[in-house]
Structures are given as C-alpha cells and as structure tokens.
Amino acid sequence: MRIATWNVNSLKVRLPQVLDWIAKQHPDVLCLQETKLEDGKFPGEDVSRAGYRAIFSGQKTYNGVAILSREACSEVLTAVPHFEDGQKRVLAATVCGIRMICVYVPNGEHVESEKYRYKLEWLAALTAWLERELKHYPRLAVAGDFNIAPEARDVHDPKVWDGQVLFSAPERDAFRKLIALGLVDAFRLFDQPEKSFTWWDYRLNAFRRKMGLRIDHILLSPQLAALCSACAIDAAPRAAERPSDHAPVMADLAV
DNA sequence: ATGGTAGAAACTCTA
C-alpha cells in the first residue's frame with residue numbers, strides 16, 4: 001500500500017498534474033493540502049474517472065484539504081475535536097484499516113505574527129488529539145504540510161533560517177512533541193540523498209538553486225513504521241511548467 | 001539588496 005501527501009497550492013490549477021502523478025505513482029491514498037476550493041467546486045468527476053474516491057473539506061481562496069483513495073473512507077472527521085478553528089486544515093478518515101490524518105499546519109507568517117501564535121496553539125491541539133487518536137488506532141498515519149523543518153539537514157542554509165518561521169525553536173519543539181507521542185518520521189527510516197527538500201519558494205529561483213526546506217512529512221505510528229518499506233520525495237512535479245511550490249512525498253507500507 | 005513569485009480575488013492577502 002502506498003500513501004502520499006502533496007500541497008498542491010490550488011487543486012483547480014494543479015488538477016492535471018495531480019491526475020498525471022497518480023497515474024505514474026499509483027498511490028492508494030493521497031492527502032492534498034491547499035486545495036483552495038469550496039466543497040461544491042471539488043472536481044469529483046475527474047477524480048472518479050481516474051479510479052479514486054474523494055473526501056474533502058475546503059473553503060474559498062485559502063486552505064482546504066482532501067483525501068483521494070482507491071478504497072472507501074469511513075469515520076470521517078473534518079476538524080480537530082474541541083478546537084475552534086474557522087480554517088479547513090484537517091481531514092481524518094479510516095481507509096483499509098489505517099487511520100489517515102491529512103493536515104495543513106498553519107504557516108505562521110513570521111515569529112512575531114499573530115499567525116505564529118495561532119500555529120503553535122494549533123499544533124498543541126493537534127498533538128493532544130493525536131495522543132487520544134493513537135490509543136484508538138494502532139495503525140495511524142499523519143501526512144501533510146507541517147510547515148516545519150525538523151532538523152538542520154532539512155534546511156538548505158540553517159544559519160540563514162535560524163530563528164525564522166518554519167525553522168524556529170518553538171516550532172521544532174512542537175514537532176518533537178509529535179514525535180514523542182511515538183510517531184515516526186517515515187522519511188528518516190531510510191538513507192536519503194543530501195539536500196532532500198519538499199518546498200522551494202517561488203521567488204529567487206529557489207528550486208533551481210536548491211534552496212529548499214523539508215516541511216512536508218508522513219508520520220507513522222510504531223505499528224505502521226514497522227511495516228514501512230520505503231519513503232521518498234518526488235521532486236519531478238516541482239520542475240514542471242506552472243508547478244506547486246511543494247513536491248509530493250510517498251511511503252510504501254506492507255499492508 | 002530587506003527584493004522576489006504565485007494563486008485567488010478584486011485594487012490585497014497569504015504563502
């Protein structure tokens with residue numbers, strides 16, 4: 001079973017690339033972020049023609065998450081329970097016995113921003129919820145855009161990024177708290193190339209200059225981590241015409 | 001040198 005995540009930065013614009021990608025990589029489950037679509041505008045028929053089902057929780061202009069899957073989803077949640085949030089950033093579902101949680105963590109803007117405070121509160125609520133969720137679902141995966149580079153090797157220039165949003169100590173500490181729940185960063189289960197990133201700013205030719213960050217992740221419960229045989233970033237879509245600023249990440253599970 | 005691009009929307013916000 002292959003699970004994957006991709007921040008598409010507008011599903012309307014990126015739909016052809018998403019359909020190409022699933023035809024090439026055949027994920028069984030694909031978590032999408034930044035769909036930027038109201039639910040009524042979700043391209044359900046295109047997804048269905050490609051052989052996938054879809055669940056989604058979106059809004060106009062910003063945010064929005066979706067899960068495409070070969071098999072049906074059940075036990076769907078569209079928010080972190082007991083956390084007031086007008087922004088559509090979470091989608092949870094059970095598919096093929098796996099609890100899939102698709103997340104679009106707030107960006108935070110900059111460390112002095114109100115949005116940064118919201119990001120840290122959001123992460124605290126997510127962590128508290130996942131602690132409970134892990135007790136119910138031993139086979140659990142959290143996949144999405146975390147907007148956090150966990151370690152220095154996940155940043156093209158750690159000196160430049162030191163203390164900046166996406167790499168600040170409180171954000172990395174929040175990520176470590178997720179890991180402390182027992183979740184495993186699937187990407188680091190395996191040897192990986194140097195300078196492995198998932199996001200490159202549209203500005204300053206960042207992709208060509210290899211100025212990226214690894215901020216999109218697949219976290220696995222211990223039981224799923226034991227069944228994980230591979231995890232990789234596919235940077236090819238980032239080199240395409242009119243790309244998302246993020247690349248997809250995928251993990252293979254012996255399920 | 002404090003910039004730049006992209007998307008959605010609408011003369012600006014978010015990333």
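Below, chain A is the first sequence line, B the second, and so on; all start at residue 1.
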Do A:Arg89's NZ or CZ and the ring of A:Tyr104 fall within the cation-pi criteria of under 6.0 Å and 45°?
yes
Report the distance from atom NE2 of A:His246 to atom C1' of B:dG7, rounded to the nearest whole Å.
12 Å
To the nearest Å, give me how far apart CD (A:Glu34) and P (B:dA9) are.
13 Å
Interatomic distance where CH2 belongs to A:Trp199 and C1' belongs to B:dA6 [whole Å]:
12 Å
Here the salt bridge (charged side-chain N to carboxylate O under 4.0 Å, His left out) pairs for residues 65-85 of chain A, sequence neighbours left out, are none
Counting heavy atoms from C-beta on, name the nucleotide in B:dT5, B:dA9, B:dA15 closest to the side chain of A:Arg89.
B:dA15
What is the distance, to the nearest angstrom, from the CG atom on A:Asn107 to the P atom on B:dT5?
19 Å
Comparing nearest nucleotides in DNA chain B, the 5'-proximal residue of the pair A:Leu204, A:Val13 is A:Leu204
Output the rounded distance in Å from CD (A:Gln59) to C1' (B:dA9).
14 Å
Please tell me if A:Arg14 has a side-chain N or O lying less than 4.0 Å from either OP1 or OP2 of B:dA6.
no
Taking B:dA9 as the reference, what is the distance to B:dT14 when you measure between their C1' atoms (whole Å, please)?
12 Å
What is the distance, rounded to the nearest whole Å, between atom CZ of A:Arg203 and atom C1' of B:dA15?
7 Å
Report the residue (A:Asp201 or A:Ser10) whose heavy-atom-nearest nucleotide on DNA chain B is the more 5′ of the two.
A:Asp201
With rounding to whole Å, what would you report as the distance between B:dG3 and B:dG7 at their P atoms?
22 Å
Of all residues at least two apart in sequence or in a different chain, which pass the ring-ring contact (aromatic ring centres under 6.0 Å, His included) check with A:Trp21?
A:Trp6
When the aromatic ring centroids of A:Phe167 and A:Trp161 are compared, is their separation below 6.0 Å?
no
For the pair A:Asp162 and A:Lys159, evaluate salt bridge (Lys or Arg N to Asp or Glu O under 4.0 Å) and give the outcome as yes or no after the intermediate values.
CA-CA 5 Å; A:Asp162 183 42; A:Lys159 279 182 192 146; over 6 Å; no
Which part of the nucleic acid, if any, lies within contact of A:Phe207, taking any heavy atom under 4.0 Å across all strands shown: a base, the sugar-phosphate backbone alone, or nothing?
nothing
Using whole Å, report how far CZ of A:Arg209 lies from C1' of B:dT5.
13 Å
Could you identify which residues of residues 237-245 of chain A place a heavy atom less than 4.0 Å from some atom of DNA chain B, listed by residue number, or say none?
A:Arg242
Within the structure, does a side-chain N or O atom of A:Lys12 lie under 4.0 Å from either OP1 or OP2 of B:dA8?
no
Which residue is it: A:Asp185, A:Leu181, A:Ile101? I am looking for the one with a side-chain contact (heavy atoms from CB on, under 4.5 Å) to A:Leu219.
A:Asp185
Heavy-atom check, side chain of A:Thr5 versus side chain of A:Leu32, under 4.5 Å
no
note: A:Lys36, atom NZ; B:dC13, atom P; distance rounded to Å ~ 15 Å
Write down the distance separating the P atoms in B:dA1 and B:dT12, rounded off to the nearest Å.
28 Å
